[in-house]
Novice: 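Pasting a structure here, questions to come.
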Amino acid sequence: MTEPILSINQLYTSFRVDGETIPAVEGIDLSLYPGEIVGLVGESGSGKSVTSLSVMQLLDETPGEVTGGEVLFQGKDLLKFTDRQKRKVRGNDISMIFQEPMTSLNPVLKIGKQLIEAIREHQRISQTEARKHAVHMLNQVGIPRSEEIMNEYPHQLSGGMRQRVMIAMAMSCDPKVLIADEPTTALDVTIQAQILDVMRNMRKEHNTSILFITHDLGVIAEMCDRVAVMYSGRIVEQGTVYEIFENPKHPYTKGLLGSIPKLGAKEDRLDSIQGQVPTVEDRPKGCKFANRCPFVMDHCWEEEPPLFDGENRCWLHEREEA
Amino acid sequence: MLKYSVKRILGMIPLLFVISLIAFMFVHLIPGDPARLIAGTDATIEEIENIREKYGLNQPLYQQYFDYMANLFQGDLGQSIVTGRPVLDMLVERFGPTLSLTLASMAWALIFGLLIGVISAVKRNKWPDHLSMFLAVSGVSIPSFWLGLMMIQLFSVQLGWFPTGGIGGFETYILPSFTLGAGVAAIIARFTRSSLMDVLKEDYIRTGRSKGLTEFKVINRHAVRNALIPVVTMSGLQFGFLLSGSIITETIFSWPGLGRLLINSITARDYPVIQSEILLFSLEFLLINLLVDLLYGFLNPKIRYEEGS
């Protein structure tokens with residue numbers, strides 16, 4: 001098997017709020033192979049975005065801090081890089097697109113300027129060449145009248161167009177890894193499908209690995225090769241999309257899948273997972289899902305389950321093994 | 001943009017009309033009789049009456065206002081009761097020194113205010129921020145009469161570097177413009193800081209960082225221009241205040257500007273001069289507001305485009 005392009009090992013990230021340290025991500029392991037799309041799915045507050053920002057080392061403003069583990073990119077630990085080295089990776093080897101296309105572009109700068117800036121930051125080419133490349137990228141993501149768009153401002157574009165611009169910008173230096181943090185959440189469904197198409201094309205043409213963060217299981221099923229399910233700052237289950245959808249093992253994953261409405265079924269109420277994600281202070285000592293789990297056992301409250309087979313974090317699964 | 005400006009300037013005319021009426025009424029509400037003040041304490045009633053007659057002060061108020069407005073439309077601001085000179089000449093004479101002092105003060109204020117504001121926002125809650133904000137709070141709270149006197153004491157009396165007052169070459173501008181600019185710099189610094197801190201939380205700043213830009217480029221290209229939008233409004237207002245002449249600073253540094261003219265004419269109840277100054281200050285403010293709005297469009301493309309519709 002080929003080496004992973006990006007591998008996250010035992011990553012711990014926490015926030016410091018009023019002198020208190022609040023853990024957001026606790027010991028995540030995740031690998032991304034060349035050309036692969038891996039979905040990271042979970043509820044709000046499960047630590048998906050924090051994981052992606054940890055990889056990009058963009059936690060400063062949050063203000064969060066990686067407290068342990070390593071993020072290997074092509075075998076080198078990004079966390080040990082100097083600021084200068086980190087900047088060389090950002091936007092060049094690893095790019096990111098964000099949830100909010102409406103606010104992710106600078107409102108006072110023309111689209112062209114923002115694209116060219118990203119290109120020239122990492123490539124030693126002239127303004128004219130950079131401009132040509134920018135127009136080419138806009139064409140690639142399916143933007144009509146790309147020459148004109150170069151001279152327009154973000155507020156003149158729709159949300160879907162802006163997200164295309166973000167993708168063009170992220171892909172302009174031909175990165176090995178693209179991190180997409182809920183790229184379609186803020187868009188309506190038809191636009192969503194178009195954006196997913198654009199991303200799939202990008203993967204096909206550039207062999208880019210994509211870490212796709214979302215809470216939408218439908219999108220995961222459509223886009224991803226593998227999927228990791230996050231809960232309370234941990235990965236509770238991972239596997240291929242087929243495995244997860246056909247045979248989910250963790251009760252949380254089962255709950256998530258169960259809450260998708262089924263076509264043709266007559267249901268008054270949608271299934272849902274009872275309760276809410278516990279706050280950091282209220283997290284159970286053992287399994288973090290214990291307070292909401294329909295299959296909870298005494299043992300679950302005592303000890304946190306490890307990742308059995310590197311795939312799922314549930315004591316039920318240990319019983320099967322035994 | 002030209003069409004917009006012309007529309008705005010035409011809109012100022014009725015406003016100035018109202019302002020002139022209010023100014024006229026308030027000026028005449030000031031207790032005290034200019035005729036008596038000019039004539040002196042031992043003047044006879046006849047002498048005082050003569051002065052009233054000469055300046056039309058014995059007419060009913062509405063008549064005085066109509067005369068004033070009729071002259072105004074012919075470009076005649078009347079004559080000073082005290083000096084007998086045309087008010088227009090006096091204003092023109094005083095406007096130059098005030099304008100040049102204002103420009104010099106704004107230069108200080110913008111350079112220091114923006115620099116300090118940006119540094120403290122970027123280094124927030126670290127020592128450069130604390131130092132900057134200490135300076136800014138000092139700048140706002142130190143009264144200009146004290147700062148001006150201290151500067152004269154140190155730089156003119158002790159060190160002998162700059163003159164104590166009067167207008168002349170470059171060196172005469174240093175102390176008064178710094179005295180005036182310090183307070184404005186402090187306000188600009190605080191505004192820039194809070195505005196920039198808000199902008200730094202925006203998503204597009206994160207986008208800039210995710211492109212691999214240096215922190216300098218992120219702040220310089222992406223943050224500052226967005227942060228400047230509210231700062232421009234506030235600086236415009238401050239510019240307007242300075243342009244009305246600073247009574248205290250001009251007095252301390254014997255600066256022959258509009259501020260000193262105003263305080264002198266108020267003391268002497270020199271009605272035509274007071275009225276004309278108020279009208280001039282209003283006009284200045286209106287023009288500066290227009291300038292600020294035009295500058296807004298330059299900074300924010302969104303406003304520029306909506307303007308046409």
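So that the names make sense, note that chain A is the first sequence line, chain B the second, and so on, each numbered from 1. Bear in mind the structure is a predicted one, so any value in this text is a computation, not a measurement.
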Novice: Is a side-chain donor or acceptor of A:S104 paired with a backbone partner of B:Y204 at a separation under 3.5 angstrom?
Specialist: no
Novice: Let me confirm one number: the CZ-NZ distance from A:R87 to B:K211, rounded to the nearest 0.5 Å.
Specialist: 15.0 Å
Novice: Side chains of B:D203 and A:F98: closer than 4.5 Å at any heavy-atom pair?
Specialist: no
Novice: If you check every heavy atom in residues 114-145 of chain A against those of chain B, which residues fall under 4.5 Å?
Specialist: A:Q114, A:E117, A:A118, A:E121, A:H122
Novice: Can you confirm whether more than 12 heavy atoms, excluding those of B:F281, are under 6.0 Å from its CZ atom?
Specialist: yes
Novice: Find the distance between CG (A:L53) and OG (B:S210) and round it off to the nearest 0.5 Å.
Specialist: 9.5 Å
Novice: Output the distance between atom CE (A:M56) and atom CZ (B:R206), rounded to the nearest 0.5 Å.
Specialist: 10.0 Å
Novice: Are side-chain heavy atoms of B:H222 and A:L109 found at a separation under 4.5 Å?
Specialist: yes
Novice: So if I take each residue of residues 160-178 of chain A and look for any heavy atom under 4.5 Å from a heavy atom in chain B, which residues do I end up with?
Specialist: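 Residues A:M166, A:M169 are the ones that qualify, each having a heavy atom under 4.5 Å from chain B.
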Novice: Are there more than 12 heavy atoms of other residues, nucleotides or ligands under 6.0 Å from atom NZ of A:K86?
Specialist: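 More than 12 within 6.0 Å, yes.
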Novice: Between B:N226 and A:N106, is any pair of side-chain heavy atoms under 4.5 Å apart?
Specialist: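 Result yes, sub-4.5 Å side-chain heavy-atom pair found.
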Novice: Which heavy-atom pair separates B:P301 from A:P107 by the least distance, and what is that distance?
Specialist: CG-O, 3.3 Å
Novice: Give a yes or no on whether B:F285 atom CZ has more than 12 heavy-atom contacts from other residues, nucleotides or ligands under 6.0 Å away.
Specialist: yes
Novice: Counting heavy atoms not belonging to A:R200, are there more than 12 under 6.0 Å from its CZ?
Specialist: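 Yes, the 6.0 Å shell around CZ holds more than 12 heavy atoms from other groups.
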